Amino acid sequence: MARHLITSAIPYINGIKHLGNLVGSQLPADLYARYLRGRGHEVLFLCATDEHGTPAELAAAKAGKPVAEYCAEMHVVQARIAEGFRLSFDHFGRSSSAENKALTQHLAKRLAEEGLIREVTEKQMYSVADARFLPDRYIEGTCPNCGFESARGDQCDNCTKQLDPTDLINPRSTVSGSTELELRETKHLYLRQSEMKDKLEAWIDSKTDWPVLSTSIAKKWLNDGDGLQDRGITRDLSWGVPAQFDGAPWEGMDGKVFYVWFDAPIEYIACSQEWVAAGKGTDWERWWRTDKGADDVTYTQFMGKDNVPFHTIGFPATILGSAEPWKLVDYIKSFNYLNYDGGQFSTSRGRGVFMDQALEILPSDYWRWWLLSHAPESSDAEFTWENFQASVNKDLADVLGNFVSRITKFCRSKFGETVPEGGAWGAQEEALAEAIAGRVKAYEGFMDEKEVRKAAAELRAIWVLGNEYLQSAAPWSTFKEDPVKAAMQTRLGLNLIGLYAVLSAPFIPNASATMLAAMGAAGAGWPEDVKAALSALPAGHAFTVPEVLFAKIADEQREEWQTRFAGIRS
RNA sequence: GGGCCUGUAGCUCAAUGGUUAGAGCAGGGCGCUCAUAACGCCUUGGUUGGGGGUUCGAGUCCCUCCAGGCCUACCA
């Protein structure tokens with residue numbers, strides 16, 4: 001038994017996430033966590049809401065609520081949806097927690113003591129009407145390059161030229177529309193990442209088994225242009241971890257907070273403290289402090305590609321720079337994007353399917369299966385309703401669901417709702433057990449390697465073996481001349497359901513639980529010995545015929561959804 | 001502009017430089033009747049984006065061009 005720390009990139013508090021966000025981090029992380037728990041390992045699976053930053057403030061203002069209240073409400077909403085998708089976090093924390101505040105300030109102080117913080121005075125755009133500094137992208141104006149009138153202060157969406165807000169003609173605040181903007185001097189703390197370039201690079205170079213996506217993005221940041229740049233870790237905002245605090249090794253940072261990307265990854269650690277505070281655990285240090293038991297922990301992070309720089313550069317720089325024995329990540333599993341029907345999912349335009357809507361129209365298992373079996377691992381992937389309908393109907397309803405249905409109903413009609421007695425395995429059954437054992441090994445291998453799509457394909461192939469067996473054994477024929485043999489075949493068929501339930505649990509936990517309940521096999525463990533697992537349900541054991549596991553999606557239904565989700569979210 | 005990724009069957013994807021490039025779905029044929037009009041077997045289908053090169057041998061390595069995507073440090 002090994003110990004596995006697993007974190008999913010923490011979703012931003014600003015609204016409900018879409019399916020692309022889900023498949024990029026939380027869902028595969030959950031798959032892995034469930035698999036490892038199923039194998040009997042000790043797992044701590046953490047996630048949280050990322051609550052600081054300008055967008056949260058603006059969203060709260062738009063909702064007419066204090067930002068703390070807005071975040072508290074949205075956290076509950078996200079937590080409930082996460083439950084709906086059966087995301088099995090050991091704790092779902094908040095980056096605005098007292099724990100994170102204390103730890104963020106502690107680490108910043110440590111970095112300063114190690115000489116890795118420097119103060120920089122710079123000029124930033126200030127909006128008088130909004131009474132706040134504005135990030136570049138919150139300034140809009142006419143592009144000096146192409147004349148586009150809604151160019152953002154960081155880049156023009158029309159001609160893609162990178163801009164400085166001072167380049168814009170007729171600049172205005174996107175918050176209020178005010179043109180009363182001025183450049184003001186402001187002081188910020190910078191993390192001297194450049195000092196740690198060699199150390200970070202050596203660390204990244206040692207990670208030869210990571211997805212190319214993870215390492216190539218990291219190397220790009222390390223070596224682009226003049227190499228790794230220092231990074232500002234404070235912002236002129238009120239909502240966040242205060243940058244000025246008792247015992248701070250600097251002055252003059254009043255009214256400023258740490259940059260959200262500085263405190264967000266720290267929440268991974270703080271979340272484990274929240275986990276203890278919530279009474280769910282007793283010792284967080286054995287997961288995070290290599291001097292206090294965490295040196296045998298394997299730490300795996302899951303995230304979308306947009307998050308990779310912060311996890312390969314920023315957070316490791318914080319951890320390593322602190323010179324304290326924190327556990328560093330061992331493996332970064334990164335994902336590309338999921339597109340929606342020929343374009344991108346769009347939160348602002350309400351294009352695509354959002355997590356709450358998905359749960360309204362279908363149970364979570366449908367989404368889990370499709371998303372995971374089509375996870376954007378090697379390149380961006382695309383969601384289409386036709387593909388979704390075809391995959392779900394074929395894989396879940398026909399191959400797995402119908403298998404459960406056919407064997408339980410056959411047994412009920414010939415032997416009753418009890419595992420039938422008599423007969424012994426022949427060559428055919430031995431061959432089946434061997435074939436399944438081989439595929440289970442492959443399945444475990446893919447899961448261990450976090451090869452999500454390949455694992456899904458292997459699992460499906462295991463389901464298919466059951467149908468192949470029933471087809472060739474044909475207990476409905478055998479029953480006529482040799483009822484005892486038919487009983488043995490049926491018994492094996494019923495046992496396959498229990499095996500499938502356990503193997504499938506990481507992907508489709510609800511259906512798995514239904515299958516186990518129907519078979520009266522709730523405590524079934526991982527089939528380390530497939531042959532034994534296929535005899536787990538003894539003769540005379542009672543079962544029930546479950547309801548249809550997966551209903552099919554009809555064409556008319558699909559068309560309705562297609563229309564409903566094409567445009568503006570209602 | 002720079003960097004990275006992707007391009008393989010109608011669709012979604014596989015293939016440590018090594019037999020005749022494989023699966024699933026869709027299409028075609030046959031079988032089965034336990035089952036959710038389900039299942040099984042067989043089968044059609046590819047100049048691996050174009051061109052050049054290295055090699056005994058290239059989907060794979062190199063060069064170049066084309067197409068799509070992402071990132072480019074003040075959104076997160």
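In the text below, chain A, chain B and the rest are named by the order of the sequence lines, each starting its count at 1. Bear in mind that the values here come from a model prediction, so they are computed numbers and not experimental data.
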Please give the distance between the [atom1] atoms of [N] and [M] as a whole number of Å.
| N | M | atom1 | result |
| --- | --- | --- | --- |
| C13(B) | G18(B) | C1' | 23 Å |
| A9(B) | A23(B) | P | 15 Å |
| A58(B) | G17(B) | C1' | 7 Å |
| A21(B) | G57(B) | C1' | 15 Å |
| U60(B) | U55(B) | C1' | 13 Å |
| G22(B) | A37(B) | P | 35 Å |
| U8(B) | U43(B) | P | 25 Å |
| G7(B) | G59(B) | P | 14 Å |

It should be established whether [X] places a side-chain nitrogen or oxygen under 4.0 Å from OP1 or OP2 of nucleotide [N].
| X | N | value |
| --- | --- | --- |
| R235(A) | C75(B) | no |
| Y259(A) | A76(B) | yes |
| K219(A) | C71(B) | no |
| S378(A) | A14(B) | yes |
| Y337(A) | C5(B) | no |
| K552(A) | A38(B) | yes |
| R453(A) | A14(B) | yes |
| R137(A) | C75(B) | yes |
| K220(A) | C5(B) | no |

For the side chain of N393(A) and the backbone of D398(A), is there at least one donor-acceptor N/O pair under 3.5 Å apart? no

Ignoring hydrogens and geometry, is there a side-chain-to-backbone donor-acceptor pair from K219(A) to E201(A) under 3.5 Å? no

Between D230(A) and R118(A), is there a salt bridge with N-O shorter than 4.0 Å?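 Yes.
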
Charged N to carboxylate O under 4.0 angstrom, R132(A) versus D130(A)? no

Which part of the nucleic acid, if any, lies within contact of [X], taking any heavy atom under 4.0 Å across all strands shown: a base, the sugar-phosphate backbone alone, or nothing?
| X | result |
| --- | --- |
| V548(A) | base |
| F133(A) | nothing |
| G466(A) | nothing |
| R460(A) | sugar-phosphate |
| V404(A) | nothing |
| E468(A) | sugar-phosphate |
| N223(A) | nothing |
| K454(A) | sugar-phosphate |

Within 45° cone of [Y] ring axis and under 6.0 Å: [X] NZ or CZ:
| X | Y | answer |
| --- | --- | --- |
| K414(A) | F479(A) | yes |
| R368(A) | F507(A) | no |
| K305(A) | F335(A) | no |

When you get a sec, tell me which of [options] is the closest nucleotide to the side chain of [X]?
| X | options | result |
| --- | --- | --- |
| V212(A) | C70(B), C5(B), C32(B) | C5(B) |
| A397(A) | A76(B), C70(B), U36(B) | U36(B) |
| L549(A) | U36(B), C70(B), A73(B) | U36(B) |
| V260(A) | A76(B), C75(B), A15(B) | A76(B) |
| A390(A) | U72(B), A76(B), C25(B) | C25(B) |
| A381(A) | C13(B), C39(B), C71(B) | C13(B) |
| D398(A) | U72(B), C32(B), A38(B) | A38(B) |
| K409(A) | A26(B), U72(B), A35(B) | A35(B) |
| D380(A) | G69(B), A73(B), U33(B) | G69(B) |

For [N], give the paired nucleotide (Watson-Crick: N1-N3 plus N6-O4 or O6-N4; G-U: N1-O2 and O6-N3; both under 3.5 Å), or none.
| N | answer |
| --- | --- |
| A23(B) | U12(B) |
| A73(B) | none |
| G7(B) | C66(B) |
| C41(B) | G29(B) |

Does the side chain of L549(A) come within less than 4.5 Å of T514(A)'s, by heavy atoms? yes

Counting the benzene-type ring for Trp, do F383(A) and W370(A) have ring centres under 6.0 Å apart? yes

Closest-nucleotide ordering on RNA chain B, the 5'-leading residue of Y12(A) and K414(A):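 It is K414(A) whose nearest nucleotide is closer to the 5' end.
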
Find which nucleotide of RNA chain B each of H374(A) and Y138(A) is nearest to by heavy atoms, and output the residue with the more 5' nucleotide.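 It is H374(A) whose nearest nucleotide is closer to the 5' end.
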
Ignoring hydrogens and geometry beyond distance, is the side chain of N402(A) in donor-acceptor contact with the base of A38(B) at under 3.5 Å? no

Go through the N and O atoms of the side chain of W261(A) and the base of A76(B), and report whether any donor-acceptor pair is under 3.5 Å. yes

Nearest-angstrom distance from the residue atom CD of Q193(A) to C1' of A73(B):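 Answer to the nearest Å: 9 Å.
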
Distance in angstrom units between D306(A) CG and A76(B) P, rounded: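 Going from CG in D306(A) over to P in A76(B) covers 12 Å.
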
Between A487(A) and P420(A), what is the shortest heavy-atom contact and its length?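 Taking A487(A) first and P420(A) second, the nearest heavy atoms are O-CG, 3.5 Å.
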
Give the residues of residues 485-493 of chain A touching RNA chain B, defined as any heavy atom closer than 4.0 Å, sorted by residue number.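 Under 4.0 Å from RNA chain B: no residue of residues 485-493 of chain A.
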
Tell me which one of F410(A), W463(A), F550(A), Y500(A) satisfies ring-ring contact (aromatic ring centres under 6.0 Å, His included) with F403(A). Y500(A)

Determine whether R558(A) and E556(A) satisfy the following criterion, salt bridge (Lys or Arg N to Asp or Glu O under 4.0 Å), listing intermediate values before the conclusion. CA-CA 5 Å; R558(A) 185 205 71 217; E556(A) 309 79 63; over 6 Å; no

